[in-house]
Amino acid sequence: MNDRMDKIVALCKRRGFIFQSSEIYGGLNGFWDYGPLGVELKRNVKDAWWKDMITNHDEYLVPPGAPQTFSMVGLDCSLIMHPQVWKCSGHYDLFHDQMADCRETKKRYRFDHLSGRWAEHKGKRVFITTDKDADEGYAHVRKRALQFFGLREKEADQVVFGTGPHGGLAAQLGKASPVAHTPTEPVEKLLDIWEADCLANVLAPDAEAVGTLTEPREFNLMFKTTIGALAGDEGTAFLRPETAQGMFVNFKNVLDTQRVRVPFGIAQAGKSFRNEITPRNFTFRSREFEQMEMEFFCHPDQSYEWYKYWRDRRYAWYTNLGLSKEKLILRDHAKDELSHYSVGTADVEYAFPFLEDGKYGELEGIAHRGDFDLRSHMEGKLVKNEKGHLVVELDANGKPKYQGSGRDLTYFDDQTRERYTPHVIEPAAGADRATLAFLCEAYHEDSQPDDTGALQERVVMKLHPKLAPVKAAVFPLVKKIGMPEFALELYREIKAAGIPCVYDQQAAIGKRYRRQDEIGTPFCFTVDGQSIDDKTVTLRDRDTLEQRRIPASNVVEEIAARLKG
Ligand code: ATP
């Protein structure tokens, strides 16, 4: 991490925003605790999201042809759901394997499906891989070796293939002379012989250049747990790796119990768990994190319009809360990046300070998911067939690999008399990543004159007032002549109005301001001698440093007005 990020992390710890989990025991990689200020900040982020999506959602900018009003409702689902949910959603299979990507061809392989042989020609040795099995695999490796070394069939005997004891690929590659092969010998699993750093010598099954295969990534990202006293697979359950499935499996419940009509949205914010292989960059990639997700159900014909609506609206949410447009991008996925069921996906990405210049990290994905999810929970796990259609995946006996619920999750529009499976637009955001982005954006250093006029370095967190954990601070200028009493009364009045506020009478006034600047408190009120006489106080603005006298009786009103703006 760079200097700026180090300072932000240090501030988070110093002022009680974020601590390492279980720190006194040395911490736990990928887990974080939010301190007294962090918990307020993250709650404000989630509240702002909830208000924007549900409570205060406005409906006047709807896409052409859409109804002027639509419902947005919330849920709070259990963290552990029926294991079948994850089988039908695809997480059980998809999150289960080690995958390696080819940087050249963009193809992805199950790492345990890759096998190969090393081959040598004129002193150059390469491990040639294939994703085909047994004899077919061997023939493929042989063909690929000839291609790679630029040889014709009749020159095949110039290549020496290694059979290799299981001493590891690196060891084999280091051998002085390879062991000659017998053509019928089976290929070796890359997994069995793989060692760190040896991939530079591996030729991916469809690549032209060597060394394009990425390290295998464990896709077994779901945390397993056991329900009750049942041992074995029967009791196995998973901590949810996303909140979204709660909305899909409750689609019918919401439809049947609420007065909602398609289009409508169901949202939920809560914990998700992923056993990330490399948690890193502070809270950016954690193993336990919070998501803020919404599933918007709409008519298939209007789904693309709604997709654009949510994409733009979600981008604006971040900029309205202070992220600068220079650091925030809305990146549309290229066609080949889209999930097989999606006609459009865009990511909201932020230029985090821990990334190189020009690189962005994902804050939120807005995906058009078609009818994939509702259909999966009706019919069973879906896969794309050779014609590109989504069909139920079958097992070796021709039965659905994972059976769906069998429930009818279609929608009947009683006005148009049409029955259909709604399409879904999903804005899926991370509460921790958003909080981290707001923290990074807010961090500023400048210098301000102190009480004597000398310049003092100051760290100021320019958090949007709506997000700031503490909104106001009240200070008596000195601890005498009735000032503390006056200030305490004001402090209590602010607290009674439900506005987070602190009272501070310790140290010089400049120091007290700086203490508040560092945690992002937007408004400080100072009670001085004049206050006792005319019942006014000084309001000092964190960002403009403007100081203005206002009647003490207007303080609550003034803060409320500024928080609204
Ligand atoms: P990434 O590609 O970074 O792993 P993703 O595309 O898998 O993310 P989604 O499944 O779309 O993420 O989840 C939606 C949001 O949840 C992400 O945009 C991100 O804000 C948040 N999120 C996902 N994984 C993590 C994590 N490990 N730690 C913190 N937040 C996460």
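Along the sequence shown, the residues carry numbers beginning at 1.
Within the 3.5 Å criterion, the main-chain N or O of Ser272 finds no donor-acceptor partner in the side chain of Gln291. A distance-only check finds no donor-acceptor pair linking the side chain of Arg331 to the backbone of Tyr360 [under 3.5 Å]. Formation of a donor-acceptor pair under 3.5 Å by the Asn397 side chain with backbone atoms of Lys399 is not found in this model. Between the side chain of Asp408 and the backbone N or O of Thr410, at least one donor-acceptor pair lies under 3.5 Å. Distance alone, capped at 3.5 Å, places no donor-acceptor pair between the Lys252 side chain and the Val249 backbone. Judged by distance alone, with hydrogens and angles left aside, the side-chain atoms of Gln84 form a donor-acceptor pair with the main-chain N or O of Gln403 at under 3.5 Å. Remark: side-chain polar atoms of Thr226 are not paired, donor with acceptor, to backbone N or O of Gly235 under 3.5 angstrom. Remark: the backbone N or O of Asp101 is paired with a side-chain donor or acceptor of Thr214 at under 3.5 angstrom.
The closest side-chain heavy-atom distance from Val85 to His82 is below 4.5 Å. Side-chain contact between Leu151 and Val159: present, with at least one pair of heavy atoms (C-beta onward) separated by less than 4.5 Å. Counting heavy atoms from C-beta on, the side chains of Glu426 and Phe296 never come closer than 4.5 Å. Residues Asp347 and Thr345 are in side-chain contact: their nearest non-hydrogen atoms beyond the backbone lie under 4.5 Å apart. Leu114 is listed as a side-chain neighbour of Asp131, based on a closest heavy-atom distance under 4.5 Å. For the pair Ile18 and Phe282, the minimum side-chain heavy-atom distance is below 4.5 Å. Counting heavy atoms from C-beta outward, Val210 and Phe148 have side chains that approach closer than 4.5 Å. Here the side chains of Asp33 and Glu23 are not in contact, with every heavy-atom distance at 4.5 Å or above.
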>> As a quick check of understanding, evaluate side-chain hydrogen bond (donor to acceptor under 3.5 Å, both in side chains) for His299 and Glu418, giving each step before the final call.
In response: CA-CA 10 Å; His299 190 284; Glu418 185 188 3; 3.1 Å; yes
>> Pair Arg433, Glu349 - check salt bridge (Lys or Arg N to Asp or Glu O under 4.0 Å), show working.
In response: CA-CA 10 Å; Arg433 285 197 191 167; Glu349 298 181 342; over 6 Å; no
>> Before you tell me yes or no, could you show the steps for Asp432 and Tyr34 under side-chain hydrogen bond (donor to acceptor under 3.5 Å, both in side chains), namely the whole-Å CA-CA distance, both residues' side-chain angles and the distance that decides it to 0.1 Å?
In response: CA-CA 10 Å; Asp432 306 85; Tyr34 285 77; 2.6 Å; yes
>> The test is side-chain contact (heavy atoms from CB on, under 4.5 Å); show your working for Gln268 and Glu295 and say whether it passes.
In response: CA-CA 9 Å; Gln268 151 166 243; Glu295 310 303 324; over 6 Å; no
> For Leu363 and Leu323, what are the C-alpha separation, side-chain angles and deciding distance, and is it a side-chain contact (heavy atoms from CB on, under 4.5 Å)?
Replying inline: CA-CA 12 Å; Leu363 291 182; Leu323 295 192; 3.9 Å; yes
> Going through the checks in order, is the ring pair (Phe, Tyr, Trp, His ring centres under 6.0 Å) test met by Phe352 and Tyr350?
Replying inline: CA-CA 6 Å; Phe352 282 99; Tyr350 182 70; 5.1 Å; yes
>> Walk me through whether Met53 and Met292 qualify under side-chain contact (heavy atoms from CB on, under 4.5 Å).
In response: CA-CA 10 Å; Met53 297 301 260; Met292 308 183 291; over 6 Å; no
> Do Ser21 and Glu288 pass the side-chain contact (heavy atoms from CB on, under 4.5 Å) test, and can you show the C-alpha distance, the side-chain angles, and the key distance before you say yes or no?
Replying inline: CA-CA 11 Å; Ser21 162; Glu288 176 178 339; over 6 Å; no
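Aromatic ring orientation, Phe251 versus Phe264: parallel (interplanar angle below 30°, classes split at 30° and 60°). Using cut-offs of 30° and 60° on the angle between ring planes, the pair Tyr318 and Phe438 is parallel.
Taken from CD1 in Ile227 to CZ in Phe238, the straight-line distance is 10.0 Å, to the nearest 0.5 Å. With rounding to the nearest 0.5 angstrom, the CD1 atom of Ile366 is 9.0 Å from the NE2 atom of His333. Rounding to the nearest 0.5 Å places CD of Glu290 at 3.5 Å from NZ of Lys42. One finds the CE atom of Met378 at 10.5 Å from the CG atom of Asp373 (value rounded to the nearest 0.5 Å). Considering SG of Cys12 and CG of Leu439, their distance stands at 4.5 Å, rounded to 0.5 Å. Atom CG in Asp3 sits 10.0 Å away from atom CD1 in Ile8 (nearest 0.5 Å).
A 6.0 Å sphere centred on CZ of Arg152 holds no more than 12 heavy atoms belonging to other residues, nucleotides or ligands. By the neighbour-count criterion of 12 heavy atoms within 6.0 Å, atom NZ of Lys271 is densely surrounded, having more than that number from other residues, nucleotides or ligands. No more than 12 heavy-atom neighbours from other residues, nucleotides or ligands sit within 6.0 angstrom of CG on Asp76. Counting non-hydrogen atoms of other residues, nucleotides and ligands closer than 6.0 Å to CZ of Arg4 gives a total above 12. For Lys107, the NZ atom is loosely surrounded, since the number of other residues' heavy atoms within 6.0 Å does not exceed 12.
Salt bridge Arg287/Glu276: absent, no basic N to carboxylate O contact under 4.0 Å. A salt bridge links Asp93 to Lys401: one of the charged nitrogens lies within less than 4.0 Å of a carboxylate oxygen.
Of all heavy-atom pairs spanning Leu374 and Pro422, the tightest one is CD1-CD, 3.7 Å. The minimum heavy-atom distance linking Trp306 with Pro263 is given by the pair CZ2-CG, 3.9 Å. Annotation for Arg144 and Pro205: closest pair NE-O, 2.8 Å, computed over non-hydrogen atoms. Minimum heavy-atom separation, Leu75 to Met247: CD1-CA, 4.0 Å. Closest non-hydrogen pair, Cys88 versus Tyr402, comes out as SG-O, 4.0 Å. Nearest heavy atom pair, residue Ala346 against residue Leu330, reads CB-CD1, 4.2 Å.
Between Phe354 and Phe284, the gap from one ring centroid to the other is short of 6.0 Å.
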